[in-house]
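One structure is given here, and the rest of the page talks about it.
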Amino acid sequence: MSEPQHIVDQQTGTPTGAARQVPDKVSLDGVEDRWDTAWTAQGLYAFDRSKERAQVYSIDTPPPTVSGSLHVGHVFSYTHTDVVARYRRMQGAEVFYPMGWDDNGLPTERRVQNYYGVRCDPSLPYDADFTPPFEGTDGKTIKAADQVPISRRNFVELCERLTVEDERQFEALWRRLGLSVDWSMTYQTISAEARAVAQQAFLRNLARGEAYQAEAPGLWDVTFQTAVAQAELEARDYPGAYHRVAFHGAGDATVFIETTRPELLPACVALIAHPDDERYQHLFGTTVTSPLFGVELPVLAHPAAEQDKGAGIAMCCTFGDLTDVQWWRELQLPTRSVVGRDGRLLRDTPEWLSGAGAELYAEQLAGKTTFSAREAVVAGLRASGDLDGEPVSTQRKANFYEKGDKPLEIVTSRQWYIRNGGRDEELRAALLARGAELGFHPEFMAVRYENWVGGLNGDWLISRQRFFGVPFPVWYALDEHGEPDHANPLVPTEDQLPVDPSSDVPAGYTADQRGVPGGFVGDPDIMDTWATSSLTPQIAGGWRSDPDLFARVFPMDLRPQGQDIIRTWLFSTVVRSHLEHGSLPWSDAAISGWILDPDRKKMSKSKGNVVTPMGLLEEHGSDAVRYWAASARLGTDAAFEVGQMKIGRRLAIKVLNASKFALSFGDVQLDPTLVTVALDRAMLAGLADVVDRATAALEGYDHTRALELSETFFWTFCDDYLELVKDRAYGEGAGADSARAALGLALDTLLRLFAPVLPFATEEVWSWWREGSVHRAPWPLAEPLRAAAGDADPSAVAAAGAALAALRKVKSEAKVSMRTPILAVTLAVPAALRANVEQALDDVRAAGRAEGTLELVESDGESVVARDAELGEPVARG
RNA sequence: GGGCGAUUGGCUCAGUGGUAGAGCGCCUCGUUCACACCGAGGAGGUCACUGGUUCGAACCCAGUAUCGCCCACCA
């Protein structure tokens with residue numbers, strides 16, 4: 001098998017040029033590196049920015065967190081996206097497929113701290129000659145006290161230095177996997193461009209009144225010491241205990257409440273019961289006195305109090321939970337906070353305490369953790385007799401920051417918000433309408449969006465009290481007392497962005513006025529990571545710096561992402577786009593499922609069942625891993641299954657071998673008019689159906705169905721059709737020409753059908769006999785195949801295959817080789833199949849080595865059965 | 001408590017009104033000239049359960065159970 005193939009492409013009428021060659025021995029070894037190099041050299045996936053919006057298919061790729069590691073789930077979902085990208089490219093679209101790296105946020109902040117032994121202190125000036133004290137500490141954590149404080153700009157520089165290596169490794173993995181990304185278009189979420197985009201979008205939100213600051217009680221993480229948004233909450237089980245505590249009313253009256261947080265007793269502002277609750281009617285409007293602290297408190301009615309919860313009457317503290325906030329707000333209760341931002345009780349004794357209560361606070365509670373304070377208060381209550389019975393332990397749900405490990409406290413602070421419909425029915429309705437407008441794949445994922453938007457209980461909190469990230473681009477004028485004027489922030493112009501208010505100076509001020517009365521002060525906070533990530537279409541598409549590009553790619557076509565971040569990434573991106581552009585950011589969202597380990601648990605790094613993606617690709621081959629990923633539908637959780645990868649590998653190898661075989665019979669003319677034999681036409685008719693159905697499936701974001709259709713056809717093509725026609729194809733004359741042309745047309749079509757899922761194997765085969773890349777070849781059309789097939793019945797291949805299978809079965813049951821000739825046999829054929837079997841009888845005879853008498857009789861069975869077979873001796877190879 | 005998905009052969013999954021499907025695994029066979037990273041043949045399921053609609057239900061409706069997830073639930 002070393003004859004060069006001479007091939008004429010009937011679509012262009014030109015010979016395909018260079019005498020290409022089918023190798024003697026085919027293999028998948030090394031295809032990934034070879035083709036990645038070739039594709040890069042050819043600029044095969046380079047985005048052509050001369051194309052208009054209508055010709056472009058743009059993808060808002062999720063930027064992976066570079067300080068984490070990529071795992072199997074990433075490989076899974078990014079493959080789904082790549083299949084779409086490759087399909088659209090073959091459909092003629094100019095695919096805009098950039099890759100971003102998320103290096104903004106806590107994971108990177110922590111990694112830089114530990115790796116270089118530094119921490120960010122925005123109050124420090126930039127040091128151009130700074131050298132970090134460490135360079136890589138083998139994962140050992142450097143204690144905060146030993147970390148060198150550096151400016152934000154120095155910190156960002158270290159981040160960029162550290163993430164370069166991560167990004168190189170990520171890109172290597174994606175290249176190996178065969179993602180058809182344009183690698184000249186990568187972005188970083190902490191880059192100057194991304195910071196400028198985030199600040200510009202914010203300033204526009206501010207100018208339109210969509211961003212605002214408010215001082216209000218909010219959820220607070222005491223470990224990270226930052227405010228936390230609703231979207232970052234996680235309800236977890238948390239052990240607690242009910243304490244039954246006595247409050248004292250007029251005379252001997254005693255009211256018992258139950259609480260899991262007795263340490264908040266000094267922060268109590270009222271007792272509250274349901275207005276209909278018979279038990280407490282007589283107390284409404286009266287006052288009681290708190291135990292230990294002796295504070296006089298009103299007993300109030302509010303419908304949010306639940307009669308069957310605890311004692312039915314609650315102590316309202318500022319603040320124990322969000323219900324407290326509601327009561328505080330709606331009943332206009334005083335603020336008596338005792339828990340500080342560090343999670344400890346305030347050092348100073350609260351002014352509303354006096355006498356024994358103040359003493360108790362100063363001696364036992366001040367500066368204590370909530371845990372120690374609780375012990376002290378319980379001990380006090382026990383001593384004073386105000387604890388009724390012993391605490392009863394319970395499992396309660398508490399809100400946690402998703403990255404934190406202590407329950408959130410509620411702390412009053414000044415924060416920035418962006419309106420997201422959480423407080424505004426009109427905006428909420430508009431955003432729900434945007435969700436309805438968006439094409440979710442699968443559709444049921446839309447419910448997640450609706451549930452989330454419908455359940456919002458406040459605007460989007462975007463400020464964080466961290467140091468590394470995109471700073472708010474605002475300053476505040478200081479009055480003569482040095483008090484900042486928060487109501488009238490000083491803002492930069494858009495062309496000044498990005499700014500860092502901790503080192504840059506607002507217009508009309510000089511640097512020496514920073515922090516002095518009559519001068520100015522920079523906003524100390526940074527934006528939530530989602531405030532930047534919600535702008536990935538604007539960052540990747542050049543909204544700020546390249547309006548020409550932006551006009552060609554936005555609104556985008558596709559947002560691929562995980563189901564877990566619908567409430568964060570997807571929703572926040574919709575909010576920003578709705579506010580800034582008055583449109584959806586993309587028309588469709590493809591939601592991938594989870595990868596489950598064999599125990600049906602979500603696969604996670606922490607479980608120690610890490611399989612490195614690169615290891616998988618090296619072991620099974622990229623096409624095989626892609627096959628596994630593509631075998632799972634969008635939105636459906638998939639098992640991590642090595643078996644499926646082996647099947648994928650087998651398929652890729654089969655593509656190589658079957659192609660080699662199909663090209664081995666002599667010259668291939670891709671000329672539909674040569675296809676004259678009924679069986680060949682029937683095969684092409686079946687393939688035309690596959691093309692139609694696979695195309696429809698891909699249009700509906702169902703890559704799994706498309707793959708399954710192509711794969712099923714392909715195996716029948718190999719097992720039956722190739723066997724049936726090979727003798728004829730080896731020969732000469734019209735029958736041989738017909739077989740060869742049909743084989744060529746089928747192979748040409750099948751390679752293109754498989755190209756999105758198996759980019760390496762198909763490109764390998766394509767290079768043997770066709771010009772250019774299969775990945776820039778047009779997606780196959782059914783029409784030319786159907787024209788070649790005429791009115792052939794596609795089921796004729798199956799009928800002939802059934803006849804062949806019947807002959808094989810005779811040999812299999814006789815336990816002889818398939819090469820054994822059949823001297824005489826009777827084929828009982830169901831009437832419905834008879835015409836098709838007769839038509840292909842010569843091919844059946846040849847493939848089944850039925851060299852002697854072959855009698856066809858009609859049967860009323862359902863399948864073809866071979867009877868009365870006489871077998872000869874196996875023929876030795878000649 | 002509200003919601004979304006799932007439940008089909010040992011495993012992983014297709015199948016949305018017309019007599020149960022695929023691959024893997026299993027059994028048997030075959031050194032076949034494209035392929036042993038192979039090929040051929042075969043066994044294996046009352047489609048979670050209970051009702052209902054229908055000439056007919058894996059599929060439609062109602063309900064139950066189990067599993068997964070989202071949201072709510074901090075007195």
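A, B, ... follow the sequence lines: proteins, then strands. Residue 1 opens every chain. Model, not experiment: these values are computed from the prediction.
Side chain Arg649(A) to base rC37(B): a donor-acceptor pair is found below 3.5 Å.
Residues Phe444(A) and Phe440(A) keep their aromatic ring centres 6.0 Å or farther apart. In summary, the aromatic rings of Tyr238(A) and Phe400(A) are positioned with their centroids under 6.0 Å apart.
At a threshold of 4.0 angstrom between heavy atoms, the contacts of Tyr238(A) with the nucleic acid are absent.
Rounded to whole Å, the C1' atom of rC35(B) lies 25 Å from the corresponding atom of rU12(B). To the nearest whole angstrom, the two C1' atoms, one in rU28(B) and one in rG44(B), are 15 Å apart. Distance check on atom P: rG25(B) versus rA40(B) gives 14 Å, rounded to whole Å. Taking atom P on both nucleotides, rC38(B) is separated from rC24(B) by 9 Å, rounded to a whole Å. Taking atom C1' in both rC60(B) and rG1(B), one finds a spacing of 29 Å when rounded to whole Å.
Cation-pi contact between Arg244(A) and Phe256(A): present, with separation from the ring centre below 6.0 Å and deviation from the ring axis of at most 45°.
For the pair Tyr449(A) and rG3(B), the criterion of a side-chain N or O lying under 4.0 Å from OP1 or OP2 is not met.
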Report, as a single string ordered 5' to 3', how protein heavy atoms within less than 4.0 Å touch nucleotides 38-43 of chain B: B base, S sugar-phosphate only, - not at all.
SSBSS-
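Under the Watson-Crick or G-U wobble criterion, with both distances below 3.5 Å, rC13(B) is paired with rG21(B).
Phe319(A) and Trp328(A) have perpendicular rings, their planes meeting at more than 60° on a 0 to 90° scale where under 30° would count as parallel.
The number of heavy-atom neighbours closer than 6.0 Å to CZ of Arg428(A), taken from other residues, nucleotides and ligands shown, is above 12.
Salt bridge status for Lys397(A) with Asp237(A): present, with a side-chain N to carboxylate O gap under 4.0 Å. Salt-bridge formation is detected for the pair Arg261(A)/Glu409(A): a Lys NZ or Arg NE/NH1/NH2 atom is positioned less than 4.0 Å from an Asp or Glu carboxylate oxygen. Look at Asp843(A) and Lys726(A) and you find no salt bridge, because none of the NZ, NE, NH1 or NH2 atoms lies under 4.0 Å from a carboxylate O.
Contacts between residues 620-629 of chain A and RNA chain B, counted as heavy-atom distances below 4.0 Å, involve no residue at all.
Ala798(A) is linked by a side-chain contact (heavy atoms from CB on, under 4.5 Å) to nothing, counting only residues two or more places apart in sequence or in another chain.
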